[in-house]
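Positions are given from 1, in the same order as the sequence printed here. Values in this document were obtained by computation on a predicted structure and should not be read as measured data.
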Amino acid sequence: MLAEAGPQAAPDLLKPNAEELTQLGGGDPEELEAAAAAGDLRPTVVSARRLLERGVGAVLTTLGGSGAVLVTAEGAWFGRAPKITVRSTVGAGDSALSGYLLGSLRGLPERDRVALAVAYGSAAAQLPGTGLPGPDHVDPSGVETSDIHL
């Protein structure tokens, strides 16, 4: 596991949800999600920074209907999920990761990467069953992004 591996074996990117983040970086998942829903992203950033201290390059935490937080050594960014009708959450986290990686491959700045991640995750949640979104389902302009300063 990450705790035993040491910094030399840490991944460049982790994409946890709130429960997974708190398992790795400490905290309570319900409190983290409730804080995020209320606009307090501090618990998410603090927990993600613990992983950076252990050698992880970047942490993209998906927070369901609240959106996602990206934390790197350079800073932290939030993408607020647009209001949608959720049909299925199956694959939404994987789709968010796909959006982030697509943004990375395109050389987008971190703020735009988190917007693309949230757009893909939100698009997946609007599809029935296990459907995956394609580019025609995604609208990153509907994602409000901001820098997080703690």
Hey, what do you get for CG (L150) to CZ (R49), rounding to the nearest 0.5 Å? 5.0 Å
Examine distances only and state if a side-chain atom of S47 and a backbone atom of G26 form a donor-acceptor pair shorter than 3.5 Å. yes
Taking all non-hydrogen atoms of both residues, which atom of V45 and which atom of A76 are closest, and how far apart? CG2-CB, 4.2 Å
Derivation of the side-chain contact (heavy atoms from CB on, under 4.5 Å) call for W77 and T72: CA-CA 9 Å; W77 300 267; T72 71; 3.5 Å; yes
Considering all heavy atoms of both residues, which atom of S122 and which atom of A81 are nearest to each other, and what is their separation? OG-CB, 4.1 Å
Give, for atom CZ of R111 and atom OG1 of T145, the distance between the pair rounded to the nearest 0.5 Å. 4.0 Å
Taking all non-hydrogen atoms of both residues into account, name the closest pair between A35 and P43 and its distance. CB-CG, 3.9 Å
Is the backbone of A10 close enough, under 3.5 Å, to the side chain of R54 for a donor and an acceptor to pair up by distance? no
Shared ILVMFWY cluster between L14 and V69, side chains joined below 4.5 angstrom? yes
May I ask whether V71 and L21 are part of the same hydrophobic cluster, defined by side-chain heavy atoms of I, L, V, M, F, W, Y residues being less than 4.5 angstrom apart, directly or through others? yes
Are L97 and L63 grouped together when hydrophobic residues (ILVMFWY) are joined by side-chain heavy atoms under 4.5 angstrom apart? no
According to a 4.5 Å side-chain heavy-atom criterion applied to Ile, Leu, Val, Met, Phe, Trp and Tyr, with indirect links allowed, do L32 and L24 form part of one hydrophobic cluster? yes
Got a second to check how far I148's CD1 is from L70's CG, nearest 0.5 Å? 8.5 Å
Counting distance only, does the side-chain N/O of E20 pair as donor-acceptor with the main-chain N or O of N17 below 3.5 Å? yes
d(H149 NE2, L41 CG) to nearest 0.5 Å is 12.0 Å
Gap separating the CG atom of L60 from the CG atom of L101, nearest 0.5 angstrom: 9.0 Å
Taking L13 as the starting point, is it possible to reach V59 by hopping between hydrophobic residues whose side chains are less than 4.5 Å apart? no
Give me the atom names and distance for the closest heavy-atom approach of A96 to T62. CB-CG2, 3.8 Å
I84 to A125 - nearest heavy-atom pair and separation: CD1-CB, 3.8 Å
Any idea which heavy atoms bring P133 and V138 closest together, and the distance? CB-CG2, 4.4 Å
To the closest 0.5 Å, what do you measure between OH (Y100) and CG (L116)? 11.0 Å
Salt bridge (Lys or Arg N to Asp or Glu O under 4.0 Å) against E144, all qualifying residues, sequence neighbours excluded: R80
Does any non-hydrogen side-chain atom of L127 lie less than 4.5 Å from one of S88? no
Near D147 CG, under 6.0 Å, is it more than 12 heavy atoms from other residues, nucleotides or ligands? yes
